[in-house]
Participant: 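Let me begin by handing over the structure; questions about it come next.
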Amino acid sequence: MRLVALDADGGRLDEEETGADGLPALVARWEAEHSPRWVWSDAAAWSPRLLAAGVRVQRCHDLRLVHRILRHSALVHDAQALRAADVWDTPLDPPEPVRDAGATLFDLEATSPRSGAVPSDLEETLAEHARQRTALSRAEDPARLRLLVAAESAGALIAAELQAAGIPWDVTEHDRILTAALGPRPAPGTPPSRMVAAGAEVRAALDDPLVPLDSPPKLLRALHRAGIDVPSTSQWELQQHQHPAIEPLLRYKKMSRLLTANGWTWLDEWVHEGRYRPVYVPGGVVTGRWASSGGGALQIPRQLRPALRADPGWRLISADVSQLEPRVLAAMSGDTAMIAAGAGKDLYSGIVEAGIVQTRQEAKIGVLGALYGGTTGDSGRVVPRLRRNFPAAMALVDGAAATGERGGTVTTWLGRSSPALEESWSQAQRAANQVDAAAGQQEAARRSARERGRFTRNFVVQGTAAEWALSWMAALRLQLARFEEVPETVAAAASGPVFSRRAHLAFFLHDEVIVHAPAEQAEAAATAIREAADAAGRLLFPGSAIDFPLDLKISERSAQK
DNA sequence: GTTCCCCGCGCG
DNA sequence: AAAGCGCGCGGGGAAC
């Protein structure tokens, strides 16, 4: 394969050829000599093989991810050429981890580039890069879009690095939690003892020795037969009722969830040599949030947090942002009252102290209602008060909702736009507005419009929060990469060649990061996390008084909240 | 026998 | 307690 060096205007400066085996060494040399921004087809395809060889790059431009932003962004006016190149519009997940070691027939496929992936040959890579450069240079507000492009690309590197380093995971502690909750690990195919016991209690209370507790339709019929009149078997419906079967059933459901989602089978499949290596999917959510694929990385139950444990002589530094989304909304809208309510403290308490609501819980429900479009219950009662006290913030989300109800497109702070609607949606709306439209048709169209409005209302805030989080992690990653290496004697070998001797990101969850660091670097890592949060705030909202306070802890074990 | 959808629930 | 947004996953069971 060939590497080409380009100048700032896209002109060719230099090029070099190498075989696949020589690639990491050549990349390492160019990285050291030029510190370039690597333009490549897809970090998810290139980065893992470099990391495995002990090579890390500082910056990249991920053509696949950037393409998906630019082709939809309302800030890009001249996108015909980009949209025509639709092989680049690929949502492809990273390759499946090889689960079946016996599948030798497919070994070749597992190590070669992914079938159906974006092009990776030099000419098409250069052509797409040129299209993206053109689109960016002609965009409205190119500076913001360039921040987004850089942040999204940094995210692609971080996702690959998080997977390579892994989360230090204490199998013994995980087993202890499972055993305490479920009973000792049972033989394969048999349920654990405490589930068996809870199941027996439910069946006795229902006076029905054969109820299949794992089949919602059958369980629902059995509940009805016992006189428990619930519309579904969900826990919050069950909690409304008094019956001796309810308590053991809820207990059974909790245990069943833990066992099937994160039980011993999960442990065997996903934790190896003390590391859980989740598959992150940057840009996997329409709003720009990350998704995950396999292992449920973004749904690790809080109950299992104690199983995250630093290697000997290392620490975990976990930090989450307090009320990220409302703060992002306050900053975007420049709502001075809302910014002031959160300044240096808990935003919800600030709303109470400003005399807008009585309790922190009310403040939280009201703010979530504002972000999600809640109209009923407590949230519906509090939102109007927020609308009076935070007019700019509420105007921003109300405006986004109104745009969505009309079928319009909304755009995040840095330029990611909501996906286009199906033509059938607009047709249904038009049809419902004809004089002869049936009442049911009109009601369905109104409901669908309101749903779209709630989606676009939330999109601008959730999407901008995702941009803030990417900027935070990108700044943090570069700072951590400058830390000194610690001696081989305290290396965390399981973190792999790039990360075993230096503080590194180990976990990310929307508004939370965990860094795994040698004990002597823990304080410095904590400082870096705080500085990166401040930097992200200034980068996205220069001149704004908004702050992003962190809840940060240094420990050997990740504490349960 | 395989594929797809729904339910329910974990996370933010 | 959920509600109002965004996800992934396992299990059951219908559809193919």
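Note that this is a predicted model, so its numbers are computed, not measured. Residue numbers start from 1 in every chain, and the chains themselves are labelled A, B, ... in the order their sequence lines are given, proteins ahead of strands.
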Participant: Spell out, as yes or no, whether a donor-acceptor pair under 3.5 Å connects the side chain of A:S153 to the backbone of A:D62.
Facilitator: yes
Participant: So A:D268 and A:R185, salt bridge (charged side-chain N to carboxylate O under 4.0 Å, His left out) or not? Walk me through it.
Facilitator: CA-CA 12 Å; A:D268 290 345; A:R185 179 172 194 167; 2.7 Å; yes
Participant: The side chain of A:N458 lies closest to which of these nucleotides: C:dC5, C:dG12, C:dA3?
Facilitator: C:dC5
Participant: Look at all strands and tell whether A:A261 reaches a base, only sugar-phosphate, or nothing, counting heavy atoms closer than 4.0 Å.
Facilitator: nothing
Participant: Name the closest nucleotide to the A:R257 side chain, picking from C:dG8, B:dC11, C:dG11.
Facilitator: C:dG8
Participant: Run the ring-centre check on A:W266 versus A:H174 and record whether the distance is less than 6.0 Å.
Facilitator: yes
Participant: Taking only the side-chain nitrogens and oxygens of A:K218, find out if one of them lies under 4.0 Å from OP1 or OP2 of C:dG13.
Facilitator: yes
Participant: For A:Q462 and C:dG4, what is the distance between atoms CD and C1' respectively, to the nearest whole Å?
Facilitator: 13 Å
Participant: If each of A:W236 and A:H510 is mapped to the nucleotide of DNA chain C with the nearest heavy atom, which maps nearer the 5' terminus, i.e. the 5' end?
Facilitator: A:W236
Participant: Which is it for C:dG4, anti or syn, if anything within 90° of zero counts as syn?
Facilitator: syn
Participant: What nucleic acid atoms does A:L371 come within less than 4.0 Å of, heavy atoms only: base, sugar-phosphate, or nothing?
Facilitator: nothing
Participant: Would you say the side-chain atoms of A:T411 and A:S417 include a donor-acceptor pair closer than 3.5 Å?
Facilitator: yes
Participant: Which nucleotide sits closest to the side chain of A:K254: B:dC9, C:dG6, B:dG10?
Facilitator: B:dG10
Participant: Has the side chain of A:Q299 got a donor or acceptor atom sitting under 3.5 Å from an opposite partner on the base of C:dG8?
Facilitator: yes
Participant: With sugar-phosphate meaning primed atoms plus P, OP1 and OP2, does A:T375 contact a base, only sugar-phosphate, or nothing at under 4.0 Å between heavy atoms?
Facilitator: nothing
Participant: Answer with yes or no whether the side chains of A:T412 and A:E467 bring together a donor and an acceptor at under 3.5 Å.
Facilitator: yes
Participant: Look at the side chain of A:T260 and decide which nucleotide, out of C:dG11, C:dG4, B:dG8, has an atom nearest to it.
Facilitator: C:dG11
Participant: For A:Q235, report the nucleic acid contact type (base, sugar-phosphate, nothing); a contact means any heavy atom under 4.0 Å.
Facilitator: sugar-phosphate
Participant: To the nearest angstrom, how far is A:E237 atom CD from B:dC9 atom C1'?
Facilitator: 14 Å
Participant: What's the CZ-C1' distance between A:F459 and C:dC7, to the nearest Å?
Facilitator: 14 Å
Participant: May I ask you to evaluate whether A:S379 reaches the phosphate of C:dA2, defined as a side-chain N or O under 4.0 Å from OP1 or OP2?
Facilitator: no
Participant: Could you give the NZ-to-P distance, from A:K364 to C:dC5, as a whole number of Å?
Facilitator: 18 Å
Participant: Does A:R275 qualify as a cation-pi partner of A:W169, given the criterion of NZ or CZ under 6.0 Å from the six-membered ring centre and within 45 degrees of its axis?
Facilitator: no
Participant: Between C:dC7 and A:R289, is there an OP1 or OP2 to side-chain N/O distance shorter than 4.0 Å?
Facilitator: no
Participant: Can you tell me if A:T233 touches the phosphate of B:dG8, counting only side-chain N or O atoms and a distance under 4.0 Å to OP1 or OP2?
Facilitator: yes
Participant: Classify the nucleic acid contact of A:I365 as base, sugar-phosphate or nothing, counting any heavy atom under 4.0 Å across all strands shown.
Facilitator: base
Participant: I want to check one thing: is the phosphate of B:dG8, taken as OP1 and OP2, less than 4.0 Å away from some side-chain N or O of A:K253?
Facilitator: no
Participant: Once you apply a heavy-atom cut-off of 4.0 Å, does A:D378 come out as touching a base, just sugar-phosphate, or nothing?
Facilitator: base
Participant: Over how many whole Å does the gap from A:Y280 atom OH to B:dC11 atom C1' extend?
Facilitator: 12 Å
Participant: Watson-Crick or G-U wobble partner for C:dG4, using a 3.5 Å limit on both distances?
Facilitator: none
Participant: Roughly, in whole Å, what's the span from CG in A:L238 to P in C:dA2?
Facilitator: 13 Å
Participant: Within this structure, what is the CD1-to-C1' distance between A:I300 and B:dC9, rounded to whole angstrom?
Facilitator: 14 Å
Participant: Figure out the CZ/P separation between A:R450 and C:dA3, and round it to whole Å.
Facilitator: 17 Å
Participant: Quick one: on DNA chain C, does A:V286 or A:P217 contact a more 5' nucleotide (nearest heavy atom)?
Facilitator: A:V286
Participant: Is it the case that the ring center of A:W472 lies less than 6.0 angstrom away from the ring center of A:F548?
Facilitator: no
